[in-house]
Student: 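Below is a structure I'd like to ask you about.
In what follows, chains carry the letters A, B, and so on, assigned in the order in which the sequence lines appear, proteins first and then strands, with residues in each chain numbered from 1. Just so it is clear, the structure is predicted and the values come from calculations on it, not from any experiment.
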Amino acid sequence: MIQLLYDLVFNYTLRNVALGSALLGIVSGVLGCFAVLRRQGLLGDALAHAALPGICIAFLLTGSKSPIVLLIGAGIASWLGTLLILRIVNDTRISEDSALGVVLSVFFGFGIMLLTFIAKRNDANQAGLDKFLFGQAAALVASDVALMALLGGVALLIVVLLYKEFKLLTFDPGFALSLGYNTRQLSVLLTSLIVVAVVIGLQTVGVVLMAAMLIGPAVAARQWTNRFSTMIILAGVFGALSGLSGALLSVTQTRIPTGPMVILSMTAITFISIIFAPNRGIFWDWLRRKRHGKNYLQKAMNEWDTQRAAKEGRL
Amino acid sequence: MSSGVVIILTGVLVASACAVLGCFLVLRKMAMLTDAISHAILPGIVAAYFFAHGPNILAGFLGAAIAGLITVVLIETLQNTRRVGNESAIGIIFPAMFALGTFLVSKFFANVHLDTDAILYGNIEFSSLDVLFINGVNLGPQSLWIMGALCIINFSFVIIFYKELKLATFDPGLAATLGFSPVLIHYALMSIVSVTTVGAFTAVGAILVVALMIVPAATAYLLTDRLPRMIMLSVLVGSLSAFLGYWLAMLLDASIAGAMVSVAGVLFGLALLFSPSHGLVARWLRVEEQRNRFASEMLVVHLLNHEGSPEFASENNIHHLRQELRWSDEFTKRVLRRAHNEGLIQQRQDILELTETGRQRAQLVIAR
């Protein structure tokens, strides 16, 4: 344990992996709160898958494997994916659910085709693009982490600056519109920030598991509080915690990829929160039901009714 | 049979088996649930591999079907706690199952043939090499037998339970009152989706299965309003994607499954743009037509309003219209041309006058 803490500070690889995963956890946790409350949790999944062809095209065009270039490509592709989803949902009768499925799978399929096309071109430089599928946190270097910190920092700064607007948009878009805010632009901006979170996550957990990074911390945090600001901070903490523990779990074991371990730690946090969080935890519901019998709510209401009737002099 | 023919045939069978179910998934808004199932069957396959001590088709199907049903039940349970929305429930469960699967694979089976690439892209390329032997008799490629069987199962399922599926899809309330259990139909559909997914999984991989279920069905949904026609179109689009996808993959020397999905995506894009009833172009034209018609009706009503009044000359002046109705110059020109062509107005220098037809039209509009 002491050794582990020592390594966390002084071991180059472990430090990068842990920092990178924790950073991703914070950014996706915070932005996930907006996505989950706006019932757009799965949009992140679609965006992550849609990023793949962008990575391939960026590589084909520039021949460079530098993370900045590839991540810009990823960002553009997943942004186009979002616009396409919105267009399909708004202008045709296809439901949001199917629109997500179509864009997700078609972009991803196209990406797979490009990936294999690149892999077979006998190009010595091609290897390693497929690490974006499942992420490869162990391969993170200091400059990658710095890039993640920069992108994530800008995204978080925008959230802080536009906190009031985003909050209004999330809880009451109609009211926001009536106050004269341009909800369409705000909504596109918020979604673009989610694209940033997805892009940060590509190197660490990969496109396939990214959805959970947005949804899990937010759902877990929602269990512990009814205040939005507290929820956002908690989600960031839960995200960071699962990133950190996932990174440590994967490094201490041989051959275990980081992405899945991060997701599994986060699922554990989410389930513990859903079951045991005070007030909203389902365990307490179960306990109450057990203690007061099956129809305790009904009984409580009857009792309340009787009391009120007595007070009003009806009895 | 040459390997190309086997691959195309397998592709067509996979696409057809998926497309026929896909119609109901799209109509029932369960596309993302299918996505979840296709990821979540991974631990089931790994468990089957573990218990059967190696690759075994029947164990694989069983494991996948069980994992698929567990996923559906878990998602519904989570949703029923009312702490989590439907889409969040999906987004929590399936990555967890998939992460569990990849964890098991990398922990215990790192050396065997269960690599993650095959999970994502499948290996339809080798479908002609896996030959089915029964009692030492060579019966031809295994993939053809599996997908052929799945096709028969899925088509018979849809044909036999057509009425029930249709009713439960379009009006679950009525289905329940008539004594068909929507829950039973839901789970039957989910089981058959899980089984189809695992069959198609070996050929095209986890994510592309979703593409073959959803994309052709969504394409067909843009083209027709009738369910039987939608099913037929969906199967047709799926098969066409498989066929063209093979040639595209040969051309680029790339993943066949990826190419099949890309072709399906192109076909969807064409339908999205050019479908005569529900396409974007048709929609834009319709909106434009309505805008112009409304504008020309505004014009004739305006003219009628001021006809014979003292300010007639100034009100019905072309240049005044721009201020009064706030139309741009270009738009005004277009509306005037349209109204003129329909014989609603005539122009004397800058003054507009109604024709008899125009007057009748304006009165009609006001009466409406």
Student: Please test B/His278 against B/Asp225 for side-chain contact (heavy atoms from CB on, under 4.5 Å), starting from the C-alpha separation and ending with a verdict.
Tutor: CA-CA 10 Å; B/His278 302 284; B/Asp225 289 334; 3.1 Å; yes

Student: Which class fits the ring pair A/Trp224 and A/Phe238: parallel under 30°, tilted 30 to 60°, perpendicular over 60°?
Tutor: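 Aromatic pair A/Trp224/A/Phe238 classed tilted.
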
Student: Counting only heavy atoms closer than 4.5 Å, note whether A/Ile282 contacts chain B via side chain, backbone, both or neither.
Tutor: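 Both parts, backbone and side chain.
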
Student: Checking B/Phe268 against chain A: side chain, backbone, both or neither under 4.5 Å from a heavy atom?
Tutor: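 For B/Phe268, side-chain heavy atoms alone lie under 4.5 Å from chain A.
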
Student: If you measure from the Lys or Arg side-chain nitrogens to the Asp or Glu carboxylate oxygens, is any gap between B/Arg82 and A/Asp285 under 4.0 Å?
Tutor: no

Student: Using 0.5 Å steps for rounding, measure from the OG atom of B/Ser88 to the CD1 atom of B/Ile75.
Tutor: 11.5 Å

Student: Tell me, for B/Arg83 versus chain A, whether the close heavy atoms (under 4.5 Å) come from the side chain, the backbone, both or neither.
Tutor: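 Backbone plus side chain of B/Arg83, per the 4.5 Å heavy-atom cut-off to chain A.
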
Student: Say whether, by atom type as modelled, one donor and one acceptor occur between the side chain of B/Arg229 and the main chain of B/Leu223 under 3.5 angstrom.
Tutor: no

Student: Name the region of A/Asp91, side chain, backbone, both or neither, that has any atom closer than 4.5 Å to a heavy atom of chain B.
Tutor: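 For A/Asp91, the contact with chain B is made by backbone and side chain together.
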
Student: With a 4.5 angstrom heavy-atom cut-off, is it the side chain or the backbone of A/Val102 that approaches chain B, or both, or neither?
Tutor: both

Student: Heavy-atom pairs under 4.5 Å with chain B: which of A/Asp45, A/Thr270, A/Thr267, A/Val36 has the most?
Tutor: A/Asp45

Student: Given that the side chain runs from C-beta out, which part of B/Leu272 has a heavy atom under 4.5 Å from chain A: side chain, backbone, both or neither?
Tutor: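 Just the side chain, heavy atoms under 4.5 Å.
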
Student: Is A/Ser98 close to chain B through its backbone or its side chain, or both, or neither, when contacts mean heavy atoms under 4.5 Å?
Tutor: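 For A/Ser98, the contact with chain B is made by backbone and side chain together.
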
Student: Using heavy-atom distances under 4.5 Å, tell me whether A/Phe107 contacts chain B through its side chain, its backbone, both, or neither.
Tutor: neither

Student: If I measure from the heavy atoms of chain A, does B/Met30 come under 4.5 Å with its side chain, its backbone, both, or neither?
Tutor: backbone

Student: Between B/Val26 and chain A, which part of the residue has a heavy atom less than 4.5 Å away: side chain, backbone, both or neither?
Tutor: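 Both backbone and side chain.
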
Student: Distance from B/Met260 atom CE to B/Leu248 atom CG, nearest 0.5 Å?
Tutor: 11.5 Å

Student: Name the member of B/Val263, B/Ile256, B/Val215 that forms the most heavy-atom pairs with chain A at distances under 4.5 Å.
Tutor: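 Result: the option with the highest number of such pairs is B/Val215.
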
Student: When you measure from the side chain of A/Arg222 to the backbone of A/Thr225, do you find a donor-acceptor pair of N or O atoms at a distance under 3.5 Å?
Tutor: yes

Student: So for A/Glu96, is it side chain, backbone, both, or neither that comes closer than 4.5 Å to the heavy atoms of chain B?
Tutor: neither

Student: Which one, A/Ser95, A/Gly111, A/Gly41, A/Gly101, leads in non-hydrogen pairs under 4.5 Å with chain B?
Tutor: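 Among the listed options, the one with the most contacts to chain B is A/Ser95.
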
Student: Just how far is it from atom CG of B/Asn86 to atom CG of B/Asn80, taken to the nearest 0.5 Å?
Tutor: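 Answer for the CG-CG pair, B/Asn86 versus B/Asn80, is 10.5 Å.
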
Student: Pick one of side chain, backbone, both or neither for A/Met266, based on which atoms fall under 4.5 Å of a heavy atom in chain B.
Tutor: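 Contact with chain B is absent: no heavy atom of A/Met266 under 4.5 Å.
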
Student: Roughly how far, to the nearest 0.5 Å, is the CG atom of A/Leu100 from the CG atom of A/Leu84?
Tutor: 11.0 Å

Student: How long is the gap from CG on A/Leu114 to OG1 on A/Thr116, to the nearest 0.5 Å?
Tutor: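 The CG atom of A/Leu114 sits 7.5 Å away from the OG1 atom of A/Thr116.
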
Student: Go through the atoms of B/Leu27 and report whether side chain, backbone, both or neither lie under 4.5 Å from a heavy atom of chain A.
Tutor: neither

